[in-house]
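The structure under discussion appears below in the form of structure tokens.
Predicted model, so just to flag it, every value in this text is computed and none were measured. Read the numbers this way: they start at 1 and go in the same order the structure lists the ligands and their atoms.
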Amino acid sequence: MRIVDTIDEVRRQVREWRAQGLTVGLVPTMGYLHEGHASLIDASHRDNDRTVVSDFVNPMQFGPTEDLESYPRDIVHDAKLVEEHGGDLIFHPDPSEMYHEGFSSFVDMTVLTEELCGLSRPVHFRGVCTVVTKLFNIVKPDRAYFGKKDAQQLAVIRHMVDDLNMDIEIIGCPIIREDDGLAKSSRNTYLNDAERKAALVLSEAVRLGMDMVRSGEKNCDTILSQMKSLIEAEPLARIDYVKMVDCATMQQIPTLDRPALCAMAVFIGKTRLIDNFFTEDVQEG
Ligand code: AMP
């Protein structure tokens, strides 16, 4: 397993693999890796001959008041995890390697980014689409792996790949959770003991919503209002949004008459956490 920090080194390595006829998977991350990321690396390792993990806290996807500076970083720990899970190369660039002076080209999206995290984080998806496009152009993978934890991001990337004819297969992977249900996230490290307990309201609300869908409830307001009441009962929690959207358009829907995503963002103290479920996964379960 190698760690490289320049675009040239990634390209040289991938060219070598291509010359040997090998397939390449890409797992884009912001580092501080946990078992959620590991599940994506495992999936790539299963499907491809070689796996590249990008480990880059992308400044472009953070708003001015967000946690860019404090975002946790630990490349030594990350390298160990990637190696253990069969990754072959970590791309760990400096922001200056990704965004040279005078950088002025962006990939942006309408419609799918109007709701959910796109509403609360106006510059976020432009940063995500731009960096993921750059990573796709640098690595030129056969497949790229994204977690359903960031469900809107997964939908946005799929849509971008389709709209812009990018020849890459996008694989969505299930949410990995702690034993008590909390979705694993690098940001969970921000939580103190009381907040860590309070954060369970997200997965409890997900469970409640899934149970209601499973029992046949079709009215989105009924489902969402019960989920919101559960979250609001926790004094350390403040809801950013809890919404039901069409899976394809990410626009809100009143009735469960098509595949939907139920997504939430909730502040626990100062930490903003997200969680969700797809109604299609409920039916399958
Ligand atoms: P991040 O480093 O937070 O930008 O995440 C990198 C990738 O890992 C994204 O595709 C996330 O959706 C995915 N990911 C993060 N946490 C989890 C999780 N708990 N389960 C599954 N995938 C995850």
Side-chain angles (χ1 to χ4, degrees), residues 25-47 51-63 66-68 70-75 77-79 81-82 85 87 90-93 95 98 116-117 121 123-136 139 141 143-161 168-191 196 199-200 202-203 206 261 263-266 271-278 281:
L26 170 66
V27 180
T29 83
M30 297 208 300
Y32 212 71
L33 304 181
H34 49 67
E35 287 161 49
H37 301 109
S39 72
L40 309 187
I41 301 169
D42 288 340
S44 174
H45 185 55
R46 262 195 312 272
D47 299 345
T51 291
V52 179
V53 178
S54 61
D55 187 313
F56 177 58
V57 182
N58 174 33
M60 199 189 284
Q61 69 190 67
F62 287 77
E66 293 181 354
D67 56 343
L68 173 61
S70 56
Y71 197 86
R73 294 156 166 92
D74 187 347
I75 188 64
H77 159 84
D78 291 354
L81 183 142
V82 170
H85 288 269
I90 297 181
F91 178 41
H92 181 54
M98 291 296 273
L116 311 179
C117 289
R121 308 184 70 191
V123 299
H124 179 66
F125 286 112
R126 169 169 139 139
V128 168
C129 288
T130 302
V131 79
V132 169
T133 299
K134 284 173 68 67
L135 290 168
F136 285 177
V139 178
R143 300 178 189 85
Y145 295 78
F146 294 87
K148 289 185 178 178
K149 156 98 188 323
D150 297 84
Q152 188 177 18
Q153 169 174 278
L154 175 59
V156 163
I157 299 295
R158 282 192 196 285
H159 201 78
M160 175 183 83
V161 162
I168 294 169
E169 189 184 350
I170 303 301
I171 315 282
C173 300
I175 300 177
I176 304 296
R177 298 178 179 280
E178 303 286 355
D179 288 342
D180 60 8
L182 178 67
K184 288 191 185 259
S185 165
S186 308
R187 290 190 167 98
N188 291 347
T189 53
Y190 296 151
L191 303 170
R196 173 66 183 74
L200 286 179
L202 282 94
S203 52
V206 163
L261 165 71
M264 67 182 75
V266 177
T271 305
R272 185 176 176 281
L273 300 176
I274 56 174
D275 205 339
N276 69 72
F277 67 92
F278 286 89
D281 290 342

Can you tell me if E35 has over 12 outside heavy atoms packed within less than 6.0 Å of its CD? no

At under 4.0 Å between heavy atoms, which part of K184 makes contact with ligand 1: side chain, backbone, both or neither? both

What do we get for L40 next to ligand 1 when only non-hydrogen atoms under 4.0 Å count, side chain, backbone, both or neither? side chain

Relative to the heavy atoms of I175, which atoms of ligand 1 are at a distance of less than 4.0 Å? 20 (N), 21 (C)

List the closest protein heavy-atom neighbour of atom 4 (O) of ligand 1: residue, atom name, distance to the nearest 0.1 Å. M30 CG, 3.5 Å

Could you tell me the residue and atom name of the protein heavy atom closest to atom 23 (C) of ligand 1, and the distance to it rounded to 0.1 Å? K149 CB, 3.9 Å

Any L40 side-chain heavy atom under 4.5 Å of T29 side chain: no

In ligand 1, which numbered atoms sit nearer than 4.0 Å to a non-hydrogen atom of Q153? 9 (C), 10 (O)

To the nearest 0.5 Å, atom OH of Y32 lies from atom CZ of R73 at 12.0 Å

Please work out whether any backbone atom (N, CA, C, O) or any side-chain heavy atom from C-beta onward of K148 is under 4.0 Å from ligand 1, and answer side chain, backbone, both or neither. neither

Could you say whether the N/O atoms of G147 and ligand 1 ever approach to under 3.5 Å? yes

Report yes if F146 has an N/O atom closer than 3.5 Å to an N/O atom of ligand 1; otherwise report no. no

What's the shortest heavy-atom distance between L135 and M98, and which atoms? CD2-CE, 3.9 Å

Around atom 20 (N) of ligand 1, find the nearest protein heavy atom and jot down its residue, atom name and distance. I176 N, 2.9 Å

For I175 and A183, work out which heavy atoms get closest and say how close. CG2-CB, 3.9 Å

Heavy atoms only: give me the nearest G31-D55 pair and the separation to one decimal. CA-OD1, 3.4 Å

Minimum heavy-atom distance between S203 and G181, given as atom pair plus value: CB-O, 3.2 Å

Is P174 touching ligand 1 with its side chain, its backbone, both, or neither, if touching means heavy atoms under 4.0 Å apart? backbone

Below 4.0 Å, non-hydrogen atoms only: which portion of P28 touches ligand 1? Side chain, backbone, both or neither. backbone

State, yes or no, whether a side-chain contact exists between L273 and N188 at a heavy-atom distance under 4.5 Å. yes

Is H37 close to ligand 1, meaning an N/O of one under 3.5 Å from an N/O of the other? yes

Looking only at distance, does D150 have an N or O less than 3.5 Å from an N or O of ligand 1? yes

Does ligand 1 have an atom under 4.0 Å from some heavy atom of H34? yes

For the student: nearest non-hydrogen atoms of I274 and D150, plus distance: CD1-OD2, 3.5 Å

What do you reckon, is NE2 of H34 surrounded by more than 12 foreign heavy atoms closer than 6.0 Å? yes

